[in-house]
K.L.:
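Before I ask anything, let me first share the structure, which is written out below as structure tokens.
What you see is a predicted model, and the numbers here were worked out from it, not measured in a lab. All ligand and atom numbering here is 1-based and tracks the order in the structure.
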Amino acid sequence: MKKISLIIPCYNEESCLSAFDCEMEKVVEEMKEYEFEILYVNDGSSDHTLEMIRRLSSQRPYVRYLSFSRNFGKEAAMYAGFSNVTGDYVAVMDADLQDPPELLPVLVRILETEEYDSVATRRVDREGEPPVRSFFAKMFYKVINRISDADIVDGARDYRLMKREMVDVIVEMGEQNRFSKGIFGWIGFRTCWYSFENVERAAGETKWSFWKLLKYSMNGIISFSQMPLNIASWMGVACTGVSLLAIIFIIIKKLALGEAVQGWASNMCVIIFIGGVQLFCLGVIGQYLGKTYAEAKKRPHYIVSECSDAQIKKIG
Ligand code: UDP
Ligand code: MG
């Protein structure tokens, strides 16, 4: 009997969990030929999420859980999930029903009958999302696909069913600055894309503010591309080139026309401009250095303060 493991990151999801559990129970009933393991990861919620998860785990034999000592973020929650599940097929699913559990039978069928190692889902529209956010999201996907080899599809969700081999590789990739959408694409394997229409959150609110998303996307770019560093170098080359031309121009002008020194204002503009470019480039280098610092410290991705069974790694 094959085993399906589902990882459910939860951060203040008390209003969604019972609906999620209901939907999930239906799917488990429907797919009797598979063994299930549902691992809830409580990411330092400040509401009653943990109590609800505890109750679910005492009611349902297939539910396991672990609870972080504080909020470590969805990426850490997914990593903790991947490190602790044991199934042959593994998927991450949001607790807010935006990753429809009823798709699971379809995804499993694709994995079983076709030559794929994973089935990834993407939403074809962004209905119900603020237009500004959609615009920036689209821009982000364009930019990151052009400047990195992460291969990220617009609208891709973290909801994808993967075979064991892929999960083992993901756990091996222990980088601190995790950007799972990029990691999934970067490791390769044969992926089938399954499109579905956007589903709005069942209850509660999104945990991603615009700034959080912006930070996350910057992290994605820095984790998967060195293009910003290249841009900084090329800006240096361009500035040097332009200033060389300017020097030649000024010397010739002086020799030919013998004009006296003038142009304090334009001089100041150039100095301030170059100063800005230099600070910008330093900032870009600083971003990479900061990430390197975080990697060098090798701190754990997560710390568990409570869990359902002894098999769960407390630090990882
Ligand atoms: N989440 C988490 N830690 C966080 C933020 C979010 O575990 O710091 C979980 C959240 O509980 C949900 C999933 O990640 O199950 C997706 O979050 P959300 O629905 O807020 O994101 P959106 O769907 O709006 O992109
Ligand atoms: Mg959501």
Side-chain angles (χ1 to χ4, degrees), residues 6-24 38-53 56 63 65-85 91-101 103-104 120-138 140-141 152-160 176-181 184 196-217 219-220 301-307 316:
L6 301 172
I7 300 161
I8 325 293
C10 303
Y11 178 48
N12 295 343
E13 298 287 6
E14 60 177 7
S15 53
C16 291
L17 277 181
S18 18
F20 180 83
D21 173 63
C22 266
E23 290 297 314
M24 216 46 247
I38 300 188
L39 178 67
Y40 287 94
V41 180
N42 174 37
D43 185 10
S45 302
S46 53
D47 62 0
H48 296 100
T49 302
L50 180 58
E51 280 96 315
M52 296 186 69
I53 293 176
L56 287 181
V63 168
Y65 73 90
L66 58 91
S67 179
F68 286 172
S69 59
R70 64 170 172 84
N71 179 252
F72 280 90
K74 188 185 175 188
E75 286 292 338
M78 291 199 285
Y79 185 73
F82 286 128
S83 317
N84 285 293
V85 291
V92 178
M93 220 187 252
D94 284 5
D96 59 5
L97 293 172
Q98 281 194 297
D99 297 330
L103 282 187
L104 202 62
T121 63
R122 62 185 290 240
R123 40 185 189 169
V124 282
D125 59 327
R126 293 178 165 269
E127 226 174 274
E129 200 183 56
V132 184
R133 180 176 292 197
S134 301
F135 171 76
F136 278 103
K138 286 222 171 76
F140 167 71
Y141 287 112
I152 305 172
V153 175
D154 183 11
R157 299 201 51 91
D158 290 326
Y159 182 28
R160 65 162 80 198
Q176 298 280 323
N177 298 289
R178 296 187 78 76
F179 183 66
S180 287
K181 285 192 178 87
F184 296 153
F196 70 98
E197 262 164 46
N198 191 27
V199 185
E200 284 196 44
R201 200 171 227 291
E205 271 178 17
T206 175
K207 312 296 176 310
W208 296 90
S209 67
F210 185 77
W211 290 112
K212 232 174 140 183
L213 274 179
L214 190 70
K215 230 173 104 183
Y216 185 61
S217 52
N219 187 34
H301 300 85
Y302 66 87
I303 299 169
V304 170
S305 61
E306 185 187 324
C307 55

K.L.:
Record the part of C10 in heavy-atom contact with ligand 1 below 4.0 Å; permitted values are side chain, backbone, both and neither.
P.N.:
backbone

K.L.:
Pick one of side chain, backbone, both or neither for how D43 approaches ligand 1, counting any non-hydrogen atom pair under 4.0 Å.
P.N.:
side chain

K.L.:
Who gets closest to atom 17 (O) of ligand 1 by heavy atom: F20, W208, Y40, F68?
P.N.:
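Selected option, by shortest heavy-atom distance: W208.
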
K.L.:
According to the side-chain hydrogen bond (donor to acceptor under 3.5 Å, both in side chains) rule, which pairs have a member within residues 197-208, sequence neighbours left out?
P.N.:
E13-R201, E13-K207, D96-R201, R123-N198

K.L.:
Which of the atoms of ligand 1 are close to K207, meaning less than 4.0 Å from one of its heavy atoms?
P.N.:
5 (C), 6 (C), 20 (O)

K.L.:
With atoms numbered from 1 as shown, which atoms in ligand 1 lie under 4.0 angstrom from a non-hydrogen atom of D94?
P.N.:
13 (C), 15 (O), 16 (C), 23 (O)

K.L.:
Ignoring angles and geometry beyond distance, decide whether Y11 reaches within less than 3.5 Å of ligand 1 through its nitrogen or oxygen atoms.
P.N.:
yes

K.L.:
Among all residues two or more places apart in sequence or in another chain, which pass the salt bridge (Lys or Arg N to Asp or Glu O under 4.0 Å) test with E14?
P.N.:
none

K.L.:
Tell me, do S46 and N12 make a side-chain contact under 4.5 Å, heavy atoms counted?
P.N.:
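Touching, per the 4.5 Å side-chain cut-off.
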
K.L.:
At under 4.0 Å between heavy atoms, is it the side chain or the backbone of N71 that contacts ligand 1, or both, or neither?
P.N.:
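It is the side chain that touches ligand 1; the backbone stays farther off.
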
K.L.:
Considering distance alone, does some N or O of A77 sit under 3.5 Å from an N or O of ligand 1?
P.N.:
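For ligand 1, there is no N or O atom that lies under 3.5 Å from one belonging to A77.
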
K.L.:
Using the benzene-type ring in the case of Trp, are the ring centres of Y302 and F72 under 6.0 Å apart?
P.N.:
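No - the distance between ring centres of Y302 and F72 does not fall below the 6.0 Å cut-off.
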
K.L.:
Any side-chain heavy-atom pair from Y159 and Q98 closer than 4.5 angstrom?
P.N.:
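No, their side chains stay 4.5 Å or more apart.
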
K.L.:
Sort by chain and number the protein N/O/S atoms that are closer than 2.8 Å to the Mg ion (ligand 2), and list them.
P.N.:
D96 OD2, Q98 OE1

K.L.:
Is the contact between K74 and ligand 1 made by the side chain, the backbone, both, or neither, using heavy atoms and a 4.0 Å cut-off?
P.N.:
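For K74, the contact with ligand 1 is made by both the backbone and the side chain.
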
K.L.:
Taking N or O atoms only and a 3.5 Å limit, does E205 qualify as a polar contact for ligand 1?
P.N.:
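No: no nitrogen or oxygen of E205 is under 3.5 Å from one in ligand 1.
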
K.L.:
Sequence neighbours left out, what passes salt bridge (Lys or Arg N to Asp or Glu O under 4.0 Å) with D21? Give chain and number order.
P.N.:
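If we apply the salt bridge (Lys or Arg N to Asp or Glu O under 4.0 Å) test to D21, skipping adjacent residues, the hits are R60.
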
K.L.:
Let me know which of L56, L50, I8 forms a side-chain contact (heavy atoms from CB on, under 4.5 Å) with Y65.
P.N.:
L50

K.L.:
If you measure every N/O of P9 against every N/O of ligand 1, is any gap under 3.5 Å?
P.N.:
yes

K.L.:
Verify the neighbour count for atom NZ of K215: are there more than 12 heavy atoms of other residues, nucleotides or ligands below 6.0 Å?
P.N.:
no

